[in-house]
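Computed from heavy atoms alone, side chains included, the values below leave out hydrogens, waters and symmetry copies. Since this is a predicted model, take the numbers as computed values, not measurements.
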Amino acid sequence: MPDVMSSSRLVGVGVGPGDPELVTVKGVNALRAADVVVVPVMDTGERGRAEATVLHYVPQEKVLRVVFALNERSDHSRREAAWDAAGERVAELLRTHGSVAFATIGDPNVYSTFTYLAHTIGELVPDVVVETVPGITAMQDLAARSGAVLTEGTEPLTLVPVTAGAAVLKDALAGPGTVVAYKFGRQAAEVAEALRETGRIEDAVWGSALGLDGESIRPAAELDGTALPYLSTLIAPARRDGSRGGKL
């Protein structure tokens, strides 16, 4: 058993939006160096996107599924109970292993479950070393695959989780710069309406299952109100006049 006071490490590893080729070399090394790789799931019988990506680089016997209420928003007590149980499970692992990696899609510091886990572990195992390895985000992958430019010159970039409400997105679209919306699939109709009302729909693009079977990348102008996959991503580029270096 390791000396938790001096040697246990919890490493949040961003494994990108789903394409295993987008895991960084540092991320692969961190996954392989860990004694155990934890992956978040909603049910112990499922294989989530993070696990599917991790299994390209580490053997199944090294991977442990830990249940989180990942999509729970209405029942706060159930969500808190799931976080607490997950934290206790990972704390137990840290008491018997020197290094535990937590694989999260995207980046561990951008709307990630790892944030909640690290906070809980900080209370349960106060002297554990917590580190993160950055990962490619869905907005970067969608920009690359669609040809959308995220920012130019002095343009701001606003990232909005539509789980906060379509009104938040509409406010962002009314401002300057590029707007990126995460997790908008279930509110696709409201998002399309906000894009049209703010005159931002023509250049906008959305995508889901990036780099995976079933990948879809489409112009936002084609949104017809049909619900999309939960993890869909939208890019509404800044208004630009087409001149080179116009916003430098």
CD (Glu131) with more than 12 external heavy atoms under 6.0 Å: yes

Euclidean distance, Asp141 CG relative to Thr233 OG1, rounded to 0.5 Å: 9.0 Å

Approximate separation, where rounding is to 0.5 Å, of Thr163 OG1 and Gln187 CD: 7.5 Å

Check: Gln60/Glu51 side-chain N/O donor and acceptor closer than 3.5 Å: yes

Closest non-hydrogen atom pair between Ala50 and Val15, with its separation: CA-CG2, 4.2 Å

Heavy-atom closest contact (Asp107 atom, Gly135 atom, distance): OD2-N, 3.0 Å

Single-linkage hydrophobic cluster, 4.5 Å side-chain cutoff, Ile136 and Leu55 together: no

Under 3.5 Å donor-acceptor, His119 side chain and Thr115 backbone: no

Output a table of donor-acceptor pairs, distance under 3.5 Å, between side-chain atoms of residues 18-28 and any protein atom two or more places apart or on a different chain; print 'none' if there are none.
| unit_1 | atom_1 | unit_2 | atom_2 | d |
| --- | --- | --- | --- | --- |
| Asp19 | OD1 | Glu21 | N | 2.9 |
| Asp19 | OD2 | Arg145 | NH2 | 3.0 |
| Thr24 | OG1 | Gly27 | N | 2.9 |

Gap between atom CD1 of Ile121 and atom CZ of Arg89 - 0.5 Å precision: 11.0 Å

Atom of Phe68, atom of Pro40 and distance for their closest heavy-atom approach: CD1-CB, 3.8 Å

Steps toward side chain to side chain contact (heavy atoms under 4.5 Å, CB included) verdict (Leu195, Leu234): CA-CA 11 Å; Leu195 287 165; Leu234 173 91; 4.0 Å; yes

For the student: nearest non-hydrogen atoms of Arg95 and Leu124, plus distance: NH2-O, 4.0 Å

Spacing of OG1 belonging to Thr53 relative to CG belonging to Leu212, to within rounding of 0.5 Å: 7.0 Å

Cluster companions of Val205 among Ile, Leu, Val, Met, Phe, Trp, Tyr (side-chain spacing under 4.5 Å): Val110, Tyr111, Met139, Leu142, Leu150, Leu157, Leu159, Val180, Tyr182, Leu210, Ile217, Ile235

Side-chain donor/acceptor of Glu215 to backbone N/O of Gly211, under 3.5 Å: yes

Atom pairs and distances, side-chain donor-acceptor, residues 30-39, under 3.5 Å, sequence neighbours left out:
| unit_1 | atom_1 | unit_2 | atom_2 | d |
| --- | --- | --- | --- | --- |
| Arg32 | NE | Tyr57 | O | 3.2 |
| Asp35 | OD2 | Gly98 | N | 2.9 |
| Asp35 | OD2 | Ser99 | N | 3.0 |

Derivation of the side chain to side chain contact (heavy atoms under 4.5 Å, CB included) call for Thr113 and Phe102: CA-CA 9 Å; Thr113 308; Phe102 181 91; 4.2 Å; yes

Leu223 side, atom CG; Phe184 side, atom CZ - distance, nearest 0.5 Å: 5.5 Å

Minimum-distance pair of heavy atoms, taken over all atoms of Ala238 and Thr178: N-OG1, 3.0 Å

With Asp213 via side-chain hydrogen bond (donor to acceptor under 3.5 Å, both in side chains) - residues at least two apart: none

Donor-acceptor contact present, side-chain Glu222 to main-chain Pro219, <3.5 Å: no

Residues forming a side-chain hydrogen bond (donor to acceptor under 3.5 Å, both in side chains) with Gln140, sequence neighbours excluded: Thr137

Any donor-acceptor pair under 3.5 Å from Ser112 side chain to Asn109 backbone: no

Those residues that, when tested against Leu231, pass side-chain contact (heavy atoms from CB on, under 4.5 Å) (two or more places apart): Arg49, Ile105, Lys183

Gap between atom CG of Leu117 and atom CG of Leu10 - 0.5 Å precision: 5.5 Å

For Arg200 against Ala236, the heavy-atom pair lying closest together: NH2-O, 3.2 Å

